[in-house]
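Some notes on the structure that comes next.
Hydrogens, waters and symmetry mates are skipped; everything else that's a heavy atom, side chains included, is used. Note that this is a predicted model, so its numbers are computed, not measured.
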Amino acid sequence: MAGRGGGKQMVMAAAGDGTGGPEQPGERASAISRRLDRLMAREAARSGGRPPAYRELADRINRLAGRDVISRDTVRNLHLGLNQKGQACNPTVDTLDWLGRGFGIGAGASYFLDDAKAAVVDEQLEQLERIAELRQALGNDGVVNLVKRASALSDGSLRVLLSLADNLRKLEQDAAGQGPAGQDDRHTAPADGR
């Protein structure tokens with residue numbers, strides 16, 4: 001993996017090697033910033049809405065590494081896409097490698113440097129989020145029983161069941177004061193996309 005031996009190697013040297021990453025330092029810094037922002041937003045969504053603080057991320061990464069490899073200021077600068085002098089940041093490959101691993105991304109630095117690898121990792125993260133949502137739903141015995149019963153229904157009956165579920169959800173939200181007044185959910189797409 002990039003960054004193991006050449007920790008002080010600058011990203012500038014690695015990004016222009018045909019891996020699909022941005023070529024200019026400012027573009028590269030922006031891409032790193034956007035990807036870090038997406039990772040932080042995903043973590044915030046999983047943990048109830050609060051993104052991790054820069055210090056939390058730095059502490060997590062340093063514990064994972066077993067040594068100090070990144071500071072709170074470095075994480076902040078990478079998130080902002082700027083260094084202390086206000087110029088585009090240019091972190092080492094080793095720093096990006098540890099940053100990626102801090103979010104559980106084995107691809108490490110390549111996630112931040114290679115557009116194609118980042119797209120693959122983002123798709124994998126989305127799949128994991130969908131699996132987590134399914135696991136949560138399957139933890140509800142009522143949902144499991146409904147799925148078992150619905151599995152033998154025809155496509156037409158499944159569309160009716162989905163419509164009924166949408167209408168019941170709307171009624172419950174309206175009764176609890178959560179749903180917008182007058183919104184009509186009857187135009188929900190059926191399960192087969194028609």
| task | Answer yes when Lys170 and Asp174 have at least one side-chain N-carboxylate O distance shorter than 4.0 Å, and no when they do not. | result | yes

| Is there side-chain contact between Ile61 and Arg101, with heavy atoms separated by less than 4.5 Å? | no

| Where is the tightest heavy-atom contact between Tyr54 and Arg76, given as atom of each residue plus distance? | CE1-CG, 3.3 Å

| request: Ignoring hydrogens and angles, tell me if any N or O in the side chain of Asp68 forms a donor-acceptor pair with the backbone of Asn62 under 3.5 Å. | output: no

| query | Rounded to the nearest 0.5 Å, how far does CG of Leu36 lie from CZ of Arg34? | reply | 12.0 Å

| Do Tyr111 and Leu64 share a hydrophobic cluster (ILVMFWY, side-chain heavy atoms under 4.5 Å, transitive)? | yes

| remark: Taken in chain and number order and not counting sequence neighbours, the residues that satisfy salt bridge (Lys or Arg N to Asp or Glu O under 4.0 Å) with Arg60 are Glu43

| remark: Here the gap from Asn77 atom CG to Ser71 atom OG, rounded to the nearest 0.5 Å, amounts to 7.5 Å

| said: My understanding is that only residues two or more places apart in sequence, or in another chain, count here; which of them pass ring-ring contact (aromatic ring centres under 6.0 Å, His included) with Phe103? | reply: none

| remark: Heavy-atom closest pair (Pro91 atom, Cys89 atom, distance to 0.1 Å) is CD-C, 3.7 Å

| field | Interatomic distance, Gln124 atom CD to Ile105 atom CD1 [nearest 0.5 angstrom] | value | 9.5 Å

| said: Treating Ser33 as the side-chain partner and Ala29 as the backbone partner, does any N or O pair qualify as donor plus acceptor under 3.5 Å? | reply: no

| message | Arg38: which residues meet the salt bridge (Lys or Arg N to Asp or Glu O under 4.0 Å) condition with it, sequence neighbours left out? | response | Asp122

| request: Using a 4.5 Å cut-off on heavy atoms from C-beta on, say whether the side chain of Thr95 contacts that of Phe112. | output: no

| request: Report yes if the side chains of Leu57 and Ile70 come closer than 4.5 Å at any heavy-atom pair, otherwise no. | output: no

| Distance (rounded to the nearest 0.5 Å) between Ser30 OG and Leu80 CG | 11.0 Å

| Rounded distance [0.5 Å steps], CG in Leu161 versus CG in Asp166 | 10.0 Å

| request: Answer yes or no: is there a side-chain heavy-atom contact under 4.5 Å between Trp98 and Val69? | output: yes

| remark: Test side-chain contact (heavy atoms from CB on, under 4.5 Å), reference Leu78, set Leu82, Val75, Thr74, output is Thr74

| Sub-4.5 Å side-chain heavy-atom contact between His79 and Leu39 | no

| CE/Met40 to OG/Ser47 distance, rounded to the nearest 0.5 angstrom? | 10.5 Å

| task | Start with the C-alpha gap between Arg35 and Leu113, add the side-chain angles, then the distance that decides, and say whether side chain to side chain contact (heavy atoms under 4.5 Å, CB included) holds. | result | CA-CA 10 Å; Arg35 289 178 182 145; Leu113 299 175; 5.9 Å; no

